[in-house]
Amino acid sequence: MAHRARSVLAIRPFRRLWGVTYLCSVGDWMSLLALAGFAAQMTQDYKAQSFAFAGVVLTQLLPGLLFAPLGGIFADRFDRRKVMALADIGRCGLLLSIAIVGSPVWLFVGNFLVGCCALLWIPSKEAAVPNLLRRPDQVETANQLGMVMTYGISVISGAGLYAAITGVSTNLNIRPDAIGMGIGRVILIIVGLLYLASAVLIATRIPELSRRVVAPAAPGAEQQVEQSGFLAMVRDAGRFVRTTPIVRGLLIGMIGAFAAAGALVGSAQLYANSLLGGLSSFGLLFVALFIGLASGMTGSPKVARRLPHNRLFGIAIVVAGLALVLVALSPHLAVSLVTVAILGACAGAAFLTGVTIIGTQVEDAIRGRINAIYQSLMKLILAGAMALTPVLVGLVRPHSITLFGREMVVDGTRPVLLGAAVLAVLAGVVAYRQMDDRRSETILADLLAAIRRKPRRSSGMLIAVEGDTHLDTSTQAHLLADWLRGPGTKEVLLATDPALDDARLHAVLMGARLTSPRAQALAAAAVRADLVEREIQPALDRGALVVMERFVDSPLAHLSAAAGLDPAELEGLADWATSRLRPDITVLLDRDPATLRPRSGNSEHHWHVKSVLTDMAAADPDRYVVVDGDGSPEDVADRVRLAVQTTVAGRKLARLVPDAPTPVETG
């Protein structure tokens, strides 16, 4: 995690945006506390004071509930850097006006307008982040850093600074005015200056926020966005959600997840009382929830290396729903703390995964609107569930039961949490089915790989043809690929040994003037790594059948024989170059070295290559299929086809290969 974070923070535009996020987030938390205190001091009525905090929170959230798509449209239509800078200037001016006017009515009106500015700022920022990074895989780490800043560092900084300023005024008895509202004004002015500093930095130091990425398939997309009207952009966003399964599943899953979260938060106080754990149980449950959230956001990138984001999102929501079932049935505080922590971890993983999917799999031209929809639905569902939960809880009269010798209060929180859990599980299942693009790979296989900490497998299949001579492997690889291209077969890709691409490898070696065997091995590994990233892995991810001529084993054997290099060192280099990608089936063409022409007058070379290859096959018999390579190309091709058919049928992958017999047929 630390290494990935450093690599992202090394990108100057993102680092500066991260700093700007700190200023604005500190301002958000300080303004929330200052406005709540300011509103409470403006009235002497006890009931009115009790609603001050709720009123401030509501007026800040209300713009997001009413005008959510507007921020996304601005983010997609206009220069995002200008939108963010103007929004910060607006927030600065509004907070200064609240401090100067000092009217309760203007406090809430101004706070509502501050929320409108935030509504414009957040989608522009979220949509711009992927364009500041170097690689798509950095989006998840960037989102982690953003959440740590917004909900961690800035919360501590904002609350601490607010406490320090108010504490100094209290301890030193500083009262700038008769009713003590002067300190509130000072804090609002400080917050306004923070927003002004953010606007200056955005306008002058982060020009990259204006960057747009236009999809290659639609070179005129950016121009189309500029010419589209607001209503057309709203219709485009709706059509995109309806016609894009991954986004549709994302929103469905999020509805279930945040409905469950709202039910849990809305019933937390009464649920804590039902556990008979005292007043401290409420605080302990919230600590467990936030520990789980932090753990989920921290650990989900590690899981995502073995489980695709499209699957991880739905699975996390389903597991969160099942954890909520256990929360609802829990008879003891200790059980509740563990299950709430699990629930929080799954919720954190789902939220981070959802934001990452939007950043990596939604094109730039519409990313702002999808972010706005995601954020607004989150707030709307969370607020609605929190408001509805007390009403539903009140419909059930509490009564006590004895379970395992311990008294337990069953009240309305239990059925409400069970209902929310069922909703979350159903939404997670629907989201998973909508988003899963790896139907040919079972979810059980992915989960086992994740538990065993193995790299996730693609949905395609890789068959390597290895042997001593280029002519043998080239001929049999072409014949095998031609046979695989049968009726009803998926895409078949024939990939050749990079060493056979003479012009390319010669250019690499001669351009760098490499003559030593180790240097040439490194160059050959670089060319092979490029082939894997550029052709083989994308084809496997699409579910294609890939036939690779001389993938790793034959080059390792020849380099070991020709240059005397350590096979273990070469295998480590090959693992790094190919990201430890290994074929599902390796067909080894076993030739009698006595029938081969000596290489450079050295007859021992072929014997050494044969020895290395047979040792590799003996060490991994489940992956290798040894085929007699002597005879005519047609005879050898028949043996290769039969071997591949038999192996595929034995592994229950017959649907990938045409005319694959069952094990009984090959008996």
About how many Å separate [atom2] of [Y] and [atom1] of [X], when rounded to the nearest 0.5 Å?
X      : Y      : atom1 : atom2 : answer
Leu17  : Arg12  : CG    : CZ    : 15.0 Å
Arg212 : Arg367 : CZ    : CZ    : 9.5 Å
Ile358 : Ile246 : CD1   : CD1   : 9.5 Å
Thr353 : Asn310 : OG1   : CG    : 10.0 Å
Leu145 : Arg15  : CG    : CZ    : 12.5 Å
Phe14  : Thr141 : CZ    : OG1   : 9.0 Å

I'd like to check [X] versus [Y] (side-chain heavy atoms, cut-off strictly below 4.5 Å). Are they in contact?
X      : Y      : answer
Trp121 : Ile202 : yes
Phe313 : Phe351 : no
Leu132 : Leu209 : yes
Arg239 : Thr244 : no
Cys24  : Asp88  : yes
Val335 : Leu326 : no
Leu337 : Val287 : no
Val547 : Leu493 : no

Ignoring hydrogens and geometry, is there a side-chain-to-backbone donor-acceptor pair from [X] to [Y] under 3.5 Å?
X      : Y      : answer
Ser25  : Tyr22  : no
Trp29  : Thr150 : yes
Tyr271 : Val327 : yes
Arg369 : Ile73  : no
Glu126 : Gly368 : no
Arg80  : Ser124 : no
Arg414 : Ser330 : yes

Exercise. Is any NZ, NE, NH1 or NH2 atom of the basic residue among Arg211 and Asp79 found under 4.0 Å from an Asp or Glu carboxylate oxygen of the other?
Worked result: no
For [X] and [Y], work out which heavy atoms get closest and say how close.
X      : Y      : answer
Gly253 : Ile317 : O-CD1, 3.2 Å
Val429 : Val318 : N-CG2, 3.6 Å
Asp584 : Arg623 : O-CG, 4.0 Å
Gly354 : Tyr374 : CA-OH, 4.0 Å
Ala328 : Leu417 : CB-CB, 3.7 Å
Leu462 : Met548 : CD1-CB, 3.9 Å

Problem set entry | Working for side chain to side chain contact (heavy atoms under 4.5 Å, CB included), residues Asn131 and Glu208 | CA-CA 8 Å; Asn131 298 342; Glu208 293 84 358; over 6 Å; no
Exercise. Considering the options Ile463, Thr586, Leu581, which one meets the side chain to side chain contact (heavy atoms under 4.5 Å, CB included) requirement together with Phe551?
Worked result: Leu581
For this session: Tell me, with the steps shown, if His309 and Met435 meet side chain to side chain contact (heavy atoms under 4.5 Å, CB included).
Result: CA-CA 9 Å; His309 286 108; Met435 301 171 70; over 6 Å; no
For this session: Start with the C-alpha distance between Leu480 and Leu484, add both sets of side-chain angles, then the distance that settles side chain to side chain contact (heavy atoms under 4.5 Å, CB included), and finish with yes or no.
Result: CA-CA 6 Å; Leu480 179 60; Leu484 289 172; 4.1 Å; yes
Problem set entry | Over 12 non-hydrogen atoms of neighbours within 6.0 angstrom of CZ in Phe240 | yes
Exercise. Can you check side chain to side chain contact (heavy atoms under 4.5 Å, CB included) on Gln434 and Leu250, steps first, answer last?
Worked result: CA-CA 8 Å; Gln434 290 283 325; Leu250 187 70; over 6 Å; no
